[in-house]
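Notes follow once the structure below has been shown.
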2 protein chains.
Amino acid sequence: MELRKIFNRISVLRQERGISRKQLAQKIGVNFQTVGYLEREEYNPSLDLAFRISEYFNLPINLIFSTKPLKPLSEELLKLKQGD
Amino acid sequence: MELRKIFNRISVLRQERGISRKQLAQKIGVNFQTVGYLEREEYNPSLDLAFRISEYFNLPINLIFSTKPLKPLSEELLKLKQGD
DNA sequence: ACCATCTGTTGTATATTTACAACAAAAAGC
DNA sequence: GCTTTTTGTTGTAAATATACAACAGATGGT
């Protein structure tokens with residue numbers, strides 16, 4: 001089907017929380033190397049795993065994952081503050 | 001990893017649009033039988049496919065997919081109209 | 001400098017998703 | 001009622017996601 005690569009903010013969000021891959025992995029119920037694969041965007045998470053990540057960070061899927069490259073959160077914030 | 005089953009509203013949304021599985025399949029770039037599998041919730045779509053479906057229906061992922069059984073859209077509407 | 005933890009990388013095995021073919025049952029058009 | 005389209009089902013094969021092990025390099029604390 002020619003899967004598109006999905007971009008994500010997992011590593012930024014994880015670092016904001018100050019937790020290691022191993023800790024995040026345990027929280028979302030996967031192997032810690034799997035978190036590495038996801039952060040490096042070497043493959044896409046399953047929909048269920050995307051939901052778990054979304055639940056853990058308490059953010060909607062669309063804020064964490066995107067079909068288009070994600071800009072730094074700081075830029076997004078700036079745009080909002082400036083009213084786009 | 002013990003994947004959870006993800007519930008979805010694909011068949012309702014498709015029927016609202018009055019299109020067949022074959023037509024939807026073509027729009028989102030999969031085999032028409034794959035749409036059948038998804039509607040029957042026999043397996044979860046990949047994250048990319050979930051995004052394509054979300055893009056096609058022009059609705060956020062969370063409105064189409066959920067880890068918990070989805071109530072009929074009519075009920076959701078009622079709740080909103082009644083102010084929860 | 002040493003030790004522990006974290007991260008990146010590679011390789012193999014298993015599970016899940018998708019495609020595709022075939023056919024039966026149901027629904028829709030005429 | 002007949003024909004076409006749609007849907008459900010089963011089976012097999014391919015692609016993708018996940019687990020797990022091993023190891024090297026980086027980072028951090030003491």
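Here the structure is a predicted model, which means the values were calculated and not measured. So that the names make sense, note that chain A is the first sequence line, chain B the second, and so on, each numbered from 1.
Listed pair A:R4 / D:dT16 fails the phosphate criterion, with no side-chain N or O lying under 4.0 Å from OP1 or OP2. OP1 or OP2 of D:dA17 lies within a sub-4.0 Å distance of a side-chain N or O belonging to A:N44. Between B:S46 and C:dT17, a side-chain N or O to OP1/OP2 separation shorter than 4.0 Å is absent. For C:dT10, the OP1/OP2 oxygens have no side-chain nitrogen or oxygen of A:R40 closer than 4.0 Å. Side-chain nitrogen and oxygen atoms of B:S20 include none within less than 4.0 Å of the OP1 or OP2 phosphate oxygen of D:dT5.
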Between the protein and nucleotides 21-27 of chain D, which nitrogen or oxygen pairs come in under 3.5 angstrom?
| residue | atom | partner | partner atom | Å |
| --- | --- | --- | --- | --- |
| D:dA21 | N7 | A:Q33 | NE2 | 3.1 |
| D:dA21 | N6 | A:Q33 | NE2 | 3.0 |
| D:dA22 | N6 | A:Q33 | NE2 | 2.5 |

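Listed nucleotides: C:dT18, C:dT9, D:dT6. Nearest to the side chain of B:T34: C:dT18. Candidate nucleotides D:dA17, C:dA19, D:dT18 were compared by shortest atom distance to the side chain of A:L49, and D:dT18 ranks first. Taking only side-chain atoms of B:K22, from C-beta outward, the nucleotide of D:dT6, D:dT7, D:dA17 with the closest atom is D:dT6. Closest to the B:L38 side chain, of the nucleotides C:dT7, C:dT18, D:dT18, is C:dT18. The side chain of B:V30 lies closest to C:dT18, out of C:dT18, C:dC6, D:dT7.
A distance of 13.0 Å separates CD1 in A:I64 from CD1 in A:I6, rounded to the nearest 0.5 Å. Interatomic distance, CD1 of A:I28 versus CZ of A:F51, reported as 14.5 Å (0.5 Å rounding). Interatomic distance, CG of B:D48 versus OG of B:S54, reported as 11.0 Å (0.5 Å rounding).
Not counting sequence neighbours, the partners of A:I19 by the side chain to side chain contact (heavy atoms under 4.5 Å, CB included) test are A:R14, A:R17, A:Q23, A:L24, A:Y56.
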**Request:** Let me see the working for A:F57 and A:R9 under side-chain contact (heavy atoms from CB on, under 4.5 Å), right down to the final yes or no.
**Result:** CA-CA 11 Å; A:F57 287 123; A:R9 293 195 220 267; over 6 Å; no
